[in-house]
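Everything below concerns the one structure shown next.
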Amino acid sequence: RSQSYYDVMGSSSGSYVRGVAAIHRKYQAALKRAKSRQQVLNAYWKHKKESERLLASHLRDEMGEVKRIKGKMDYR
């Protein structure tokens with residue numbers, strides 16, 4: 001049986017992928033609504049901040065998973 005992306009990456013990656021998709025939907029909607037150059041820039045900066053926050057959280061979760069797996073292994 002071939003493994004799906006979520007089998008390989010773990011369950012936290014599924015919520016990360018969904019989170020990224022939601023952020024991009026909001027960003028695209030904000031770009032369509034923008035009536036000025038400043039509104040376009042504001043949409044970008046908000047999108048960037050949300051993306052960085054989500055990525056930091058995702059990487060923190062993954063490092064926790066790495067530490068948990070390492071903790072179960074013997075030193076060699």
Go through the structure and list residues passing side-chain hydrogen bond (donor to acceptor under 3.5 Å, both in side chains) with Lys49, not counting sequence neighbours.
none
Which side-chain hydrogen bond (donor to acceptor under 3.5 Å, both in side chains) pairs, counting each pair once, include a residue from residues 67-76, with sequence neighbours left out?
none
Identify each donor-acceptor pair in which a side-chain atom of residues 21-35 lies under 3.5 Å from a protein atom, sequence neighbours left out, and give them as a table.
| unit_1 | atom_1 | unit_2 | atom_2 | d |
| --- | --- | --- | --- | --- |
| Lys26 | NZ | Glu50 | OE2 | 3.3 |

Mind checking salt bridge (Lys or Arg N to Asp or Glu O under 4.0 Å) for Lys46 and listing every partner two or more places apart, or none if nothing turns up?
none
Side chain to side chain contact (heavy atoms under 4.5 Å, CB included) filter on Met73, not counting sequence neighbours, yields Ile69
By side chain to side chain contact (heavy atoms under 4.5 Å, CB included), Glu52 pairs with (sequence neighbours left out) Lys48
